[in-house]
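All remarks here apply to the structure that follows.
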Amino acid sequence: MSGSDKDAINARHRERTRKHKAAVDKRIAAATQDKGLLLVITGNGKGKSSSAFGMVARTLGYGHKAAVFQFIKGKEEVGERAFFARDSNMRWERCGEGFTWETQDRDRDIAAARAGWKKAKEALADRSIHLVVLDELTYLVTYRYLSVEEIMPAIHARPPMQHVVITGRAAHDTFIEAADTVSAIRDVKHAFRAGIRAQPGIDL
Ligand code: ATP
Ligand code: MG
């Protein structure tokens with residue numbers, strides 16, 4: 001390639017990136033609002049709860065308060081709970097006794113889900129809490145332990161700057177419609193299907 005060909009390629013590249021940067025800068029300048037967000041992380045792929053806990057880390061990093069409500073307790077302990085326990089701004093509640101295949105006791109599961117939701121509602125009314133994670137909340141609706149009609153008013157009435165993250169597969173349409181940000185994580189591959197058990201630090 002001659003020197004002048006290279007110069008032409010570089011000039012075109014500069015022009016393209018200049019235009020791209022101008023467009024991005026314009027969009028950034030147009031986004032001027034602040035608001036407490038509702039996020040839904042759903043889908044069959046791995047990464048829903050760990051994404052929510054990543055936002056907990058970000059929140060605590062700013063010295064703000066965060067609360068996590070884990071609605072499925074039958075699952076094993078996760079590393080994040082032990083790590084965040086060192087932070088006095090962290091509140092971590094494991095609600096419930098474990099669901100469905102773990103307990104096979106529907107009435108007890110419903111009672112546990114409702115008790116957990118009652119605590120979560122208190123956090124949703126507490127303006128000192130910056131971020132509330134409702135981990136695996138979607139299953140409470142799927143199993144009909146709790147209805148969206150019971151859940152949504154508390155979410156809508158929360159303090160205006162409080163962020164909420166809902167995780168779990170098959171999120172109800174009501175959650176998706178109400179949310180500001182929704183990610184559906186697609187399951188492309190998972191090591192479990194190759195016979196590899198849950199790895200500490202990765203899966204729990
Ligand atoms: P993580 O907590 O790792 O972010 P998740 O919240 O997206 O995962 P859950 O359905 O809550 O997924 O299940 C949590 C556990 O199940 C983790 O150990 C995770 O690795 C595993 N898991 C998640 N998705 C799959 C999948 N598609 N197949 C098998 N195991 C999965
Ligand atoms: Mg999860």
Side-chain angles (χ1 to χ4, degrees), residues 37-61 66-87 90-104 106 108-110 112-117 119-121 123-124 129-146 148 151 154-155 163-176 178-204:
L37 299 171
L38 175 63
L39 299 94
V40 173
I41 316 286
T42 190
N44 293 337
K46 172 188 157 42
K48 298 176 289 295
S49 299
S50 44
S51 164
F53 301 156
M55 289 180 257
V56 170
R58 289 181 168 180
T59 300
L60 296 175
V68 170
F69 297 87
Q70 272 187 302
F71 285 101
I72 298 195
K73 193 183 166 186
K75 293 200 173 187
E76 280 147 296
E77 183 69 90
V78 293
E80 289 99 331
R81 190 168 95 108
F83 181 73
F84 293 138
R86 298 170 200 164
D87 195 315
M90 180 81 251
R91 174 172 171 203
W92 195 296
E93 296 273 354
R94 300 176 81 198
C95 317
E97 301 284 339
F99 287 104
T100 58
W101 67 94
E102 291 276 353
T103 64
Q104 287 139 31
R106 190 174 152 84
R108 208 175 78 179
D109 288 351
I110 292 174
R114 292 190 164 278
W117 173 242
K119 287 186 196 164
K121 264 201 307 202
L124 290 166
I129 302 176
H130 214 77
L131 171 68
V132 177
V133 173
L134 305 171
D135 191 39
E136 323 295 350
L137 182 75
T138 62
Y139 302 101
L140 270 53
V141 176
T142 308
Y143 302 150
R144 300 183 188 281
Y145 293 174
L146 214 61
V148 287
I151 295 169
I155 290 177
H163 303 300
V164 174
V165 184
I166 295 173
T167 81
R169 296 181 191 200
H172 193 282
D173 282 345
T174 304
F175 292 146
I176 290 173
D180 300 284
T181 297
V182 180
S183 293
I185 301 183
R186 186 164 67 94
D187 180 22
V188 178
K189 258 189 189 185
H190 197 289
F192 181 68
R193 291 198 290 282
I196 298 155
R197 68 174 123 192
Q199 298 294 301
I202 300 298
D203 296 296
L204 52 136

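Ligands are counted one by one from 1 in listed order, and the atoms in each one are counted from 1 as well.
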At a 4.0 Å cut-off, with the gap strictly under it, does some heavy atom of Thr167 reach an atom of ligand 1? no

Between Asp187 and ligand 1, which residue portion shows a heavy-atom distance shorter than 4.0 Å: side chain, backbone, both, or neither? side chain

Is there a donor-acceptor pair under 3.5 Å between the side chain of Gln199 and the backbone N or O of Arg197? yes

For the metal site, I want the angle between atom OE2 of Glu136 and atom OG of Ser49 with the Mg ion (ligand 2) at the apex, to 10°. 90°

Determine whether the side chain, the backbone, both or neither of Ile185 has a heavy atom under 4.0 Å from any heavy atom of ligand 1. neither

Please work out which of Asp203, Asp135, Thr42 has its closest non-hydrogen atom nearest to atom 15 (C) of ligand 1. Asp203

List ligand 1 atoms under 4.0 Å from Arg193, heavy atoms only on the residue side. 27 (N), 28 (N)

Counting from 1, what ligand 1 atoms have a heavy atom of Ser50 closer than 4.0 Å? 1 (P), 2 (O), 3 (O), 4 (O)

Trp117 vs Phe71 aromatic rings, parallel, tilted or perpendicular, using cut-offs 30° and 60°? tilted

Please state whether the rings of His190 and Phe192 are parallel, tilted or perpendicular, taking 30° and 60° as the class boundaries. perpendicular

Can you name the residues that form a side chain to side chain donor-acceptor pair (under 3.5 Å) with Arg81, not counting sequence neighbours? Glu77

Kindly state whether the ring of Phe83 and the ring of Trp92 have centres lying under 6.0 angstrom apart. no

Among Glu136, Lys46, His190, closest by heavy atom to atom 22 (N) of ligand 1 is His190

Which atom of Ala66 lies closest to which atom of Thr59, heavy atoms considered: CB-CG2, 4.2 Å

Near Arg193 CZ, under 6.0 Å, is it more than 12 heavy atoms from other residues, nucleotides or ligands? yes

Answer yes or no: does an N/O atom from Ser51 fall short of 3.5 Å to an N/O atom of ligand 1? no

Best match, Gly43, Gly47, Gly45, Pro200: closest heavy atom to atom 8 (O) of ligand 1: Gly47

